[in-house]
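Chain letters run A, B, ... following the sequence lines, proteins first and then strands; every chain starts at 1.
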Amino acid sequence: MYLNNLNPHQLQAVTLINEHALILAGAGSGKTKVLTTRIAWLINQRLASPYSILAVTFTNKAAKEMQERLASMVDINVKAMFIGTFHGLCHRILRLHAKEAGLSNDFQILDMQDQLSFIKKILKEKDIDEDTLAPKTLINFINQAKERGERSHQVSMLQDKFNGKLINLYKHYEDSCQKQNLLDFAELLLRCDDLLTYNQALRQHYQERFKYILIDEFQDTNTLQYTWLKRFRGLDNIFFAVGDDDQSIYSFRGARVKNMRDFEQEFEVKHLVKLEQNYRSDGNILKCANTIIDYNSARLGKNLFTQSSEGEKVKIYSASSDSIEASWVAQYITSIIDSGTKAQDIAILYRSNAQSRVFEHTLFKQHIPYKVYGGLRFFERAEIKHAIAYLQLVDNLSQQVSMLRVINFPPRGIGAKAIEQLQDLANNLDINLVDAYPHLQGKARVNIHNFVEIIKDIQSQAMNLNLADTIEYMLAKSGLIHHYETEKEGQDRVNNLKELISAAHSFYIEEKLPHDCSSLGMLDTKELELEYLPPNVNPLRLFLSYAMLESGETQQQGVQLMTIHASKGLEFDSVFITGLEEGLFPNEGNANNQDSMEEERRLMYVAITRARKNLFLTCSQSRMLYGRISFNRSSRFLDELPVENTKWLSPKNSRSKSNDFDNSDIYNYADQAQTMPFWMQNKLKEKQDMNETNAMAQKLAIKHTKIIQHDKIFKINTNVFSTKFGEGTIVSIEGESEKALAKIRFKKHGDKILNLAMANLNVID
DNA sequence: ATTAGCCGCATTTTT
DNA sequence: TGCGGCTAAT
């Protein structure tokens, strides 16, 4: 059954018993499959009950996939299992033991935005000018300290470049958060770690409970995450860590690859299992990946192989400008889509988000559907954050952060001055904002009173309404919906708010809460068989945490545009890795240092291994960057590729600036451009682009009157039938043999350019 | 309370 | 260049 389709190494990993294991799992080697199958196997072999397994990942998406795949193999309630993200699991443990962790049940999670505004507020209160100390400096200081597992009193003075000032502010931040029951993301982990460190009974409980501990993407763990994991190490539990040092691309945010080697030693790993068979990419692509990564020195050592065919060679194209690079990619995408690949199976990858603009522009012009990743996510949108703030207040009227966010939104005549007064009052009397406002006078008092009454009214309604209905009522009563409806261009925001109502609906279904269960009603977890839920929790509170921990994004249609970082873990039929230029990729500043250079190379490795069938690498000789045109040499990564597995679709440009383009217009243009005013550069560039495009068009336009494909003869005016577009007539043919593209005028769908070799066409007499 | 205009900045990011 | 964030002006 489920063990049958594993290769010997996968099987070995899945069935390892009585020993800690480190699995080196290459890209596309079936890592998730091994993890989930192992859990299923442990349960089916009765080596473990679902209750005694702890499985940790980094993203909600990965956690969800794990749960779904496990559910398909074992007939148990996977929701009740401890499978989740570091943050999600810590949150769950803290909910279960809030009191022991020094928290009250209504603790609230701060996301990054909230944390930043909270820090800014503190700096303001302390009368520290933002020029003296940037809020970002402080926030980084605090987060990095927490990720090392250090509280304010544990941070070394050497870390504090402001002579103790940062440590003091960290202390103050700790106190303020504690007072208001706020936890930032890092705090979820650190607080949970503290709980397990100082509460011996609980630590022992969990050590005995979790017999099997499995960790995904181990190369991405930071110091605190690894420390946290080790708290669960008791007398006889078994650790199973899966990772790939070659895919470690997050050291800039504290990921510590060294954790893999440390784990190997500290846990006395006997068998380092390597999963090296790749099930994703064709031969040529995989060869490129292996060759590139071999340039790195510090590796645990791994070489991927595949049983797939060689497939297409990796195609390389060098454009003269970023816009030509984009048009070339767009043109190729059109032909790929026309020959039957779905747009969502194509990805355009780049090193930095700013590069997306040219592609968006070009794809939009050519009516190619696309989706850009990396913008604001659903729960981060301003209107949603406002709605969430109202809900936080419904849960607990004394939440300051939320109160300050919406006390005057939509505007209700409570100005900055009134708010300041209110805060001062609360500080002086050492009470919270709701209790402080009756001490105010005049208009401010009346307006705040009315605001508080709105919340109280929503609260009383919420007693009898389920969450979706509560949100609907809140949106109306708070005036949020009305505010955006009357605002010009507010329709998107209104739609998002309505989407929040559906999100609450889905939440009930996902969490198996009964439809009529009220927002504020405590759940009878026994009766509902939701015993894994902590006591003293209502659906509203659960939803609020969910909103903070989940970004709320779903896969969308269209060509996928994203950074290489964002593409990790995904795969596509066709992948375009763009902007392969020195300074961009590898990024400037990372090229001089050996370690960061190697991380750039791992990034390249990750990018290459996303592709299943077709891989395209592009670069541009000139690029608009920060308002100037810069001229970059092509990336060293292009030189590191094996010649026999690649194919240049443009004249291979030399790495030394001198050769190929020495006498070309492009190079002259480059020379002149340095001294020209900006608008003139633009003009020139446009002209240049035109020439390039025409040249490209001409090159392609070697007209052929007759093309033979699959024994079928295609000529101009031949009538054809396509299963996708119906009947049409060939208008023109360009290119030859496998590359021949025909423009076909379809009766129903208009003009399309199809690849004659790929498109499924029949000739009609 | 809204808005124009100016300044400064500019990898990669999940929770 | 193009943006977000902040200030100054209506």
- Contact under 4.0 Å: A:N60 side-chain N or O vs B:dT14 OP1/OP2: no
- Message: Over all strands shown, is A:D111 touching base, sugar-phosphate only, or nothing at heavy-atom distances under 4.0 angstrom?
- Response: nothing
- What nucleic acid atoms does A:E600 come within less than 4.0 Å of, heavy atoms only: base, sugar-phosphate, or nothing? base
- Task: Write down the distance between CG (A:N140) and C1' (B:dT13), rounded to a whole number of angstrom.
- Result: 12 Å
- Task: Please report, rounded to the nearest Å, how far the C1' atom of B:dT15 is from the CG atom of A:N222.
- Result: 11 Å
- Rounded distance in Å - NZ (A:K136) to C1' (B:dT13): 12 Å
- Under-4.0 Å side-chain N/O to phosphate OP1/OP2 contact, A:R253 with B:dT15: no
- Closest to the side chain of A:T85, out of B:dT12, B:dA10, B:dT15, is B:dT15
- Task: Could you check how far NE2 of A:H361 sits from P of C:dG2, rounded to whole Å?
- Result: 10 Å
- Message: Each nucleotide in nucleotides 3-10 of chain C should get exactly one letter: B, S or -. Can you fill that in based on protein heavy atoms under 4.0 Å?
- Response: ---S----
- Rounding to the closest angstrom, what is the interatomic distance between C:dC3 and B:dT14 at atom C1'? 23 Å
- Exercise: do A:R405 and A:S117 side chains pair donor with acceptor under 3.5 Å: no
- Message: Could you tell me how far apart A:F86 (CZ) and B:dT15 (P) are, to the nearest whole angstrom?
- Response: 13 Å
- Item | Passing candidate, salt bridge (charged side-chain N to carboxylate O under 4.0 Å, His left out) with A:D220, options A:R602, A:K568, A:R253, A:R256 | A:K568
- Query: Which nucleotide, B:dT14, B:dT12, B:dT2, lies nearest any side-chain atom of A:P411?
  - Reply: B:dT2
- Base, sugar-phosphate alone, or nothing: which one does A:M548 contact when heavy atoms must sit under 4.0 Å apart? nothing
- With sugar-phosphate meaning primed atoms plus P, OP1 and OP2, does A:F58 contact a base, only sugar-phosphate, or nothing at under 4.0 Å between heavy atoms? sugar-phosphate
- Using atom CD1 of A:I414 as one end and atom C1' of B:dA1 as the other, report the distance to the nearest whole Å. 14 Å
- Name the residue closer to the 5' end of DNA chain B, choosing between A:M112 and A:F252 according to the nucleotide with the nearest heavy atom. A:F252
- Do A:L603 and A:N587 come within less than 4.5 Å of each other through their side chains, counting heavy atoms only? no
- Could you please name the option among B:dA10, B:dA1, B:dT15 that lies closest to any side-chain atom of A:N408? B:dA1
- Task: Would you tell me if any nitrogen or oxygen in the side chain of A:S551 comes within less than 4.0 Å of OP1 or OP2 on B:dT14?
- Result: no
- Does B:dT12 have A:Y250 stacked on its base, where the ring centres are within less than 5.5 Å and the planes differ by under 30°? no
- Message: Within the 4.0 Å heavy-atom criterion, would you say A:N353 contacts the bases, only the backbone, or no part of the nucleic acid?
- Response: sugar-phosphate
- Query: Is it true that a side-chain atom of A:D114 and a backbone atom of A:D111 form a donor plus acceptor pair closer than 3.5 Å?
  - Reply: yes
- Query: Between A:E553 (CD) and B:dT13 (P), how many Å, whole number?
  - Reply: 12 Å
- Query: Below 4.0 angstrom, N of the basic side chain to O of the carboxylate: do A:K79 and A:E511 qualify?
  - Reply: yes
- Item | Pair A:E640 + A:R636, salt bridge at N-O below 4.0 Å | no
- Item | A:R256 CZ to B:dT14 P, straight-line distance once rounded to whole Å | 23 Å
- Message: Both A:H483 and A:S352 contact DNA chain B. Which one's nearest nucleotide lies toward the 5' end?
- Response: A:H483
- Message: Between A:E600 and A:R351, does any side-chain N to carboxylate O distance fall below 4.0 Å?
- Response: yes
- Item | Salt bridge A:R299-A:D246, side-chain N to carboxylate O under 4.0 Å | yes
